[in-house]
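What follows is a set of notes on a single structure, which appears directly below.
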Amino acid sequence: YMLGAFYTPERMRQDMAERGAVYALIEHGGESIGYIGFEPHAVEGVLFIGKLYLLPELHGRGIGRLALDWLQTQARERGCDRLRLRVNKHTAVAIRAYRRAGFQFVEDICTDIGGGFVMDDYIMEHAAAP
């Protein structure tokens with residue numbers, strides 16, 4: 001359901017036009033291995049990370065950490081002092097990676113996304129490096 005509702009090229013174009021979303025490919029060894037989607041909210045001082053995906057076989061190699069470091073730079077350049085994201089409560093590997101990177105739990109949130117589905121997530125934040 002989520003793939004069809006939130007991850008189509010049309011939806012991504014709409015997010016860029018309406019909400020200022022930015023998408024970037026993650027490349028390694030000359031190949032695309034994942035992507036990032038974020039939205040800067042300078043008024044709130046938050047860079048919201050909406051998407052951070054890597055090929056599963058590349059997890060645990062420090063590439064996600066490099067992507068988060070890059071997002072720190074993007075936050076500073078856009079006047080944001082915090083990174084924020086939502087992570088599914090049942091994705092222990094992702095939660096552990098975000099905790100290791102310095103993210104802290106801020107809120108528990110469950111959102112109805114239609115079609116009989118909910119997003120049962122934690123909101124996590126990290127102060128952007130100076």
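Between Thr8 and Arg11, the side chains place no donor N or O within less than 3.5 Å of an acceptor N or O (distance only, hydrogens not considered).
Taken from NE2 in His28 to CD1 in Ile63, the straight-line distance is 4.5 Å, to the nearest 0.5 Å. Distance check: Phe105 CZ to Tyr98 OH gives 12.0 Å after rounding to the nearest 0.5 Å. One finds the CD1 atom of Ile26 at 4.0 Å from the CD1 atom of Ile36 (value rounded to the nearest 0.5 Å).
Both Met124 and Leu71 belong to a single network of hydrophobic side chains, linked directly or stepwise wherever heavy atoms of I, L, V, M, F, W or Y lie under 4.5 Å apart. Hydrophobic clustering (ILVMFWY, side-chain heavy atoms < 4.5 Å, transitive): Ile123 and Leu68 are in distinct clusters. Phe48 and Met12 are not part of a single hydrophobic cluster, where members link through side-chain heavy atoms under 4.5 Å apart.
No more than 12 heavy atoms of other residues, nucleotides or ligands lie within 6.0 Å of CD in Glu31, so this atom counts as exposed by the packing criterion.
Put simply, the side chain of Tyr53 reaches to within 4.5 Å of the side chain of Lys51, judged on heavy atoms. The side-chain heavy atoms of Ile33 and Glu27, taken from C-beta on, include no pair separated by under 4.5 Å.
Ring orientation note: the planes of Tyr23 and Tyr35 are tilted relative to one another, at an angle of 30° to 60°.
Contacts classified as side chain to side chain donor-acceptor pair (under 3.5 Å) and involving residues 82-95 (residues at least two apart or in different chains) are given here: Arg82-Glu125, Arg84-Glu125, Arg86-Thr111, Arg86-Asp121, Lys89-Asp108, Lys89-Asp120.
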